[in-house]
Trainee: 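Sharing a structure, written as structure tokens. Questions coming.
Start at 1 and go down the list; that is how both ligands and their atoms are numbered. All residue numbers refer to positions in the sequence shown, counting from 1.
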Amino acid sequence: MNGDNIHVRNCTEVEEFRAFVALQKEVWGFADNELVPLRIFSLAPKIGGQVIGAWSGETLVGFAFSIPGVRNGHAYLHSHMLAVKADYRNSGLGRRLKLFQRDDAIAKSYELIEWTFDPLEIKNAYFNLERLGAVARRYNINQYGITSSPLQGFLPTDRLVAEWWLKSKRVESLLGSGQLPAVGEELQIEIPAEIYEWKANPGTREKAAELQLRNREQFLKAFRQGLACLRYGRGDDGSGVFVLGRWDEQWSWAD
Ligand SMILES: CC(C)(COP(=O)(O)OP(=O)(O)OC[C@H]1O[C@@H](n2cnc3c(N)ncnc32)[C@H](O)[C@@H]1OP(=O)(O)O)[C@@H](O)C(=O)NCCC(=O)NCCS
């Protein structure tokens, strides 16, 4: 799809928010009682959150949605959803939405945007670490309970927390030169390409569950030792690998 005709902007009108609820349902396939409702989309921009739409004419083809949070007295944004309509993926629109989100957050004086992502989703992990420059060093076990989304394959909803420190050297270097700073690699955690197949078929779901459990333990142990996910490698066969090391910047509001 040609991105030239797509307009990315902040949205504020209830009529626009109906399209956000509909696209959310289309992308995730959630049951109605698991959807973020219209009322929350309407509320978010009024309390420091963001409802950012990518429009092709009158059609919403992507969005980024965030709500404000507080950690140890610091305000930050929690980006709850990023979605691009299937026909429009892999042409840079997801990244364009995130960069708009970053500019808008900086204009509102935020320094940090966080979101959670499924470590079994190879594309998302690559996108977050390599294309945006987020880091991950926290792991939430079964964050949302087991959901109705087929993307999840009825596994526990384990999530890594992506921290996007908007003015870190890491992010500025990536956005400036296209390069992430060098990393002292200490550990790799692998995701085989077959994971999607394993999740999709009831007969192989057990294999997906075993991998999730094994990786969960590795992530938790590595994070206790002060490691962070800093890079993500992609194999020619579609597999992915988290590269962990010690982040040499001081950005943190953790306890
Ligand atoms: C995640 C999502 C928003 C990304 O949007 P997008 O418009 O496709 O993103 P972009 O085109 O900017 O970037 C995607 C990158 O992933 C890469 N990619 C695509 N498929 C991949 C795969 N199977 N494995 C690894 N990387 C992959 C693309 O090549 C691209 O990288 P590049 O810029 O280096 O070429 C979109 O895929 C989506 O809506 N997914 C479903 C909902 C979801 O999972 N949302 C995020 C969690 S809340």
Side-chain angles (χ1 to χ4, degrees), residues 1-8 19-30 34-36 41 49-56 59-67 77-102 113-134 136 140 143-144 147-153 155 157-164 174-175 177-180 190-200 229 231-243:
M1 288 285 163
N2 182 353
D4 296 350
N5 299 323
I6 297 175
H7 186 49
V8 175
F20 283 74
V21 178
L23 184 55
Q24 176 195 181
K25 196 169 167 110
E26 178 180 320
V27 168
W28 279 278
F30 286 134
E34 287 174 332
L35 291 169
V36 171
F41 284 110
Q50 299 167 309
V51 183
I52 298 165
W55 298 86
S56 173
T59 309
L60 185 72
V61 297
F63 72 83
F65 167 67
S66 70
I67 49 177
L77 282 169
H78 176 83
S79 182
H80 185 54
M81 286 185 291
L82 173 72
V84 170
K85 212 172 165 63
D87 289 352
Y88 291 78
R89 290 183 192 158
N90 297 324
S91 59
L93 186 54
R95 191 159 186 267
R96 209 174 132 196
L97 278 160
K98 291 303 281 187
L99 295 183
F100 185 100
Q101 186 184 45
R102 175 177 181 267
I113 304 179
E114 286 190 354
W115 59 93
T116 59
F117 66 101
D118 182 346
L120 300 179
E121 289 289 328
I122 293 168
K123 174 182 173 182
N124 292 2
Y126 167 80
F127 178 73
N128 292 333
L129 298 177
E130 290 290 314
R131 300 296 284 135
L132 300 178
N140 298 339
Q143 172 160 316
Y144 303 111
T147 74
S148 61
S149 171
L151 292 182
Q152 191 57 43
L155 292 181
T157 44
D158 284 18
R159 294 289 182 266
L160 282 169
V161 181
E163 297 173 34
W164 203 24
L174 181 64
L175 300 187
S177 68
Q179 301 292 322
L180 282 168
E190 291 168 14
I191 315 291
E194 296 76 28
I195 184 65
Y196 300 106
E197 222 174 284
W198 293 348
K199 280 201 293 189
C229 300
R231 299 296 306 256
Y232 197 82
R234 291 186 296 179
D236 292 340
D237 61 351
S239 60
V241 60
F242 288 92
V243 176

Trainee: Select the closest option to atom 29 (O) of ligand 1 among Arg131, Lys85, Arg234, judged by heavy-atom distance.
Mentor: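 Considering heavy atoms of Arg131, Lys85, Arg234, the nearest to atom 29 (O) of ligand 1 sits in Arg234.
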Trainee: Quick test of your reading of the structure: of Lys123, Glu130, Arg89, whose heavy atom lies closest to atom 4 (C) of ligand 1?
Mentor: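 Looking at heavy atoms only, Lys123 sits closest to atom 4 (C) of ligand 1.
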Trainee: Of the backbone atoms (N, CA, C, O) and the side-chain heavy atoms from C-beta on, which set of Arg96 has a member under 4.0 Å from an atom of ligand 1: side chain, backbone, both, or neither?
Mentor: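 It is neither; nothing of Arg96 touches ligand 1.
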Trainee: Less than 4.0 Å is my threshold; does some heavy atom of Trp115 fall inside it relative to ligand 1?
Mentor: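 Trp115: no contact with ligand 1 (<4.0 Å).
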Trainee: For the residue pair Phe63 and Phe20, categorise the inter-ring angle as parallel (less than 30°), tilted (30 to 60°) or perpendicular (more than 60°).
Mentor: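 Rings of Phe63 and Phe20: tilted, 30 to 60°.
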Trainee: Any idea which of Asn124, Leu82, Leu99, Leu93 brings a heavy atom closest to atom 44 (O) of ligand 1?
Mentor: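 The nearest heavy atom belongs to Asn124.
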Trainee: Considering Thr116, Asn90, Asp118, Val61 one by one, which has a heavy atom nearer to atom 28 (C) of ligand 1 than any of the others?
Mentor: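 Selected option, by shortest heavy-atom distance: Asn90.
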Trainee: For a quick test of reading the model, state the closest non-hydrogen atom pair linking Ala83 to Val27 and the distance between them.
Mentor: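 It is CB-CG2, 4.0 Å.
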Trainee: Nearest 0.5 Å, please: how far is CG in Asn124 from CZ in Arg131?
Mentor: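 One gets 14.0 Å once the value is rounded to the nearest 0.5 Å.
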Trainee: Quick one: does ligand 1 sit under 4.0 Å from the side chain of Val27, the backbone, both or neither, non-hydrogen atoms only?
Mentor: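 It is the side chain that gets close, since no backbone atom is under 4.0 Å.
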Trainee: Would you mind reporting whether His78 and Phe65 have side-chain heavy atoms less than 4.5 Å apart?
Mentor: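 Not touching, per the 4.5 Å side-chain cut-off.
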Trainee: Tell me whether Arg159 is salt-bridged to Glu121, with the criterion being a basic N under 4.0 Å from an acidic carboxylate O.
Mentor: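 Salt bridge: no.
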Trainee: Report yes or no: does a heavy atom of Tyr126 sit under 4.0 Å from some atom of ligand 1?
Mentor: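 For ligand 1, residue contact (heavy atoms, under 4.0 Å) with Tyr126 is present.
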Trainee: Check contact between Gly238 and ligand 1, using heavy atoms of the residue and a distance below 4.0 angstrom.
Mentor: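 It does not, in that no heavy atom of Gly238 comes within the 4.0 Å cut-off of ligand 1.
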